[in-house]
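First the structure, in the form of structure tokens, and then the observations on it.
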Number of protein chains: 2
Amino acid sequence: MSVKNKSIYAILGILNILPSSGYDIKKYCDNVLSGFWNENFGHIYPTLKKMLADGTIEIMSKGKNEKKIQYKITSRGEQALDHWFLEETKLQPVRSEFMLKLFFSSHQPKEKVLQMIEKYKKVHQDKLEKYRVMEMDLEKGIEDISSERAKYIKATLRSGILSHEATIRWCNETIEEIC
Amino acid sequence: MSVKNKSIYAILGILNILPSSGYDIKKYCDNVLSGFWNENFGHIYPTLKKMLADGTIEIMSKGKNEKKIQYKITSRGEQALDHWFLEETKLQPVRSEFMLKLFFSSHQPKEKVLQMIEKYKKVHQDKLEKYRVMEMDLEKGIEDISSERAKYIKATLRSGILSHEATIRWCNETIEEIC
DNA sequence: GGTTTCATGTAACATGTTACATGATTCT
DNA sequence: AGAATCATGTAACATGTTACATGAAACC
């Protein structure tokens, strides 16, 4: 099994909650994990095939009217998932094109730079807004989820909120500095 | 020219400050840009060749005792750089393996999760410490750099500081919540 | 009847990382 | 003399993204 393809763990984690199709997995990534994880079809489908071959997932027998292919986690997959939790988590190298631009922008007209920062701020304000909505939705729907799971979901949401708030503060501070 | 390879702009930005060799560029990335950008040799050298072919950089005539190949930016490279500043900056999709683990960790023993967060906190504290040192170094060495450049360098440092501080606050909050 | 969403997949392309190879120079 | 750093580069591998192809079903 590949050493670095972390997508398999995202998929195992999702299937560990609920058997799903490739399409469902993509939706889950887009709707729920989007703050810290992303996948695309061109990656999901080949990965599912690999995982089938590895025996970490298997195809569920379809009902009569079922058209989609649903996968579920195997006990081998559960083991792989458990093992992953104990592994060290390395931070992936950061790459912020925005910061790269800013770093090199001393020859650019000040207004352009300020515009760029304002835009960046707007993007983060919008994301923050979405996180806040998600946090409220979680509070509302909390009965449907075990309190243990809710705790961890909330923690990832809080992470997004604190990080976007910090970014917005940085934008304000930096706009001041540059003016 | 490739649409997405942003490394060329990192390289152009560096050469726009000072003609450098591939090795110098790598060092600059490691020492100065590391908070928001990274490059490796396996990427830099082929990219330099491509850029030579594109005409955005050129080889400087070597002095007698010079062994390293120094590149400098051409006027075409300057244009490419200027053009890049006006382009829209898209945020790159996030991928945090740490958050992915946390999200799925409701079946894991609480102590393991807490340990994982403590470790994460430690990593960010260490990085924060480094940023603070870099900030002080910048204050000290500020005469060597134009005040315009210093402003932008400082802004990127502040971004690292605020973001690590936010992460540490999140760790403390989350440790409380989980206990 | 037309648009959107569901659903699966491949091929081409682009990007990024690691390991290896080589040899000079500088430091201890 | 040996270790560390300087310096350039390639090959293999791994990963990730986009565009394309196809067709059914649900919605308006």
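The pair A:K130-A:D126 does not meet the salt-bridge criterion, since no charged nitrogen lies less than 4.0 angstrom from a carboxylate oxygen. Between A:E88 and B:K119 there is a salt bridge, since at least one side-chain N of the basic residue sits less than 4.0 Å from a carboxylate O of the acidic one. By the 4.0 Å N-to-carboxylate-O rule, B:K151 lies close enough to B:E148 to be salt-bridged with it. In this structure, A:K154 pairs ionically with A:E139, as a charged nitrogen and a carboxylate oxygen lie closer than 4.0 Å.
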Given salt bridge (charged side-chain N to carboxylate O under 4.0 Å, His left out), test B:E135 with B:R158 step by step and report yes or no.
CA-CA 8 Å; B:E135 205 184 20; B:R158 291 292 301 160; 3.7 Å; yes

Pair B:Y9-A:F104, ring pair (Phe, Tyr, Trp, His ring centres under 6.0 Å): steps then yes or no
CA-CA 10 Å; B:Y9 300 113; A:F104 290 129; over 10 Å; no

Set out, in order, the CA-CA distance, both residues' side-chain angles and the distance that settles salt bridge (charged side-chain N to carboxylate O under 4.0 Å, His left out) for B:D30 and B:K27, then state yes or no.
CA-CA 5 Å; B:D30 288 353; B:K27 267 201 311 187; over 6 Å; no

Dump the intermediate steps for salt bridge (charged side-chain N to carboxylate O under 4.0 Å, His left out) on A:K72 and A:E58, then the final yes or no.
CA-CA 6 Å; A:K72 66 174 185 185; A:E58 60 188 21; 3.8 Å; yes

Below 3.5 Å between N/O atoms, which protein atoms pair up with nucleotides 9-13 of chain C? Just atom names and distances, please.
{"residue": "C:dT10", "atom": "OP1", "partner": "A:K49", "partner atom": "NZ", "Å": "3.1"}

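Going from atom CG of B:L91 over to atom P of D:dT17 covers 14 Å, rounded to whole Å. In this structure, A:N31 atom CG and C:dT5 atom P are separated by 12 Å, rounded to whole Å. Between B:K90 atom NZ and D:dT18 atom P the separation is 7 Å, expressed in whole Å. As a whole-Å value, the separation of B:K50 NZ from C:dG16 P is 10 Å. To the nearest angstrom, P of D:dC6 lies 17 Å from OH of B:Y28. B:E39 has its CD atom 12 Å from the C1' atom of C:dT17, to the nearest Å. One atom, CD of B:Q92, and another, C1' of D:dT18, lie 18 Å apart when rounded to the nearest Å. Distance CD (A:Q70) to P (C:dC6): 14 Å, rounded to an integer number of Å.
Proximity of B:N5 to the phosphate of C:dA14: no side-chain N or O atom is located under 4.0 Å from OP1 or OP2. Checking the phosphate oxygens (OP1, OP2) of D:dG16, a side-chain nitrogen or oxygen of B:R95 falls inside 4.0 Å. Contact check, A:N40 against D:dT15: no side-chain N or O comes under 4.0 Å of OP1 or OP2.
Separation of atoms CD1 (A:I178) and CG (A:L114) is listed at 5.5 Å; rounding is to 0.5 Å.
For the pair A:N5 and A:H43, the minimum side-chain heavy-atom distance is below 4.5 Å.
In the helix from C:dG1-D:dC28 to C:dT28-D:dA1, the terminal helix axes, each the rotation mapping four pairs' C1' atoms onto the next four within five end pairs, subtend 40°, rounded to 10°.
Residues of residues 13-23 of chain A having a heavy atom closer than 4.0 Å to DNA chain C, listed by number: A:S21, A:G22, A:Y23.
The 5' end of DNA chain D is approached more closely, in terms of each residue's nearest nucleotide, by B:D24 than by the other of A:N38 and B:D24.
Each of A:I14, A:N38, A:D24 was compared with A:C29 under the side-chain contact (heavy atoms from CB on, under 4.5 Å) criterion, and only A:I14 meets it.
Classified by interplanar angle (parallel below 30°, tilted 30° to 60°, perpendicular above 60°), the ring pair A:W170/A:F98 is perpendicular.
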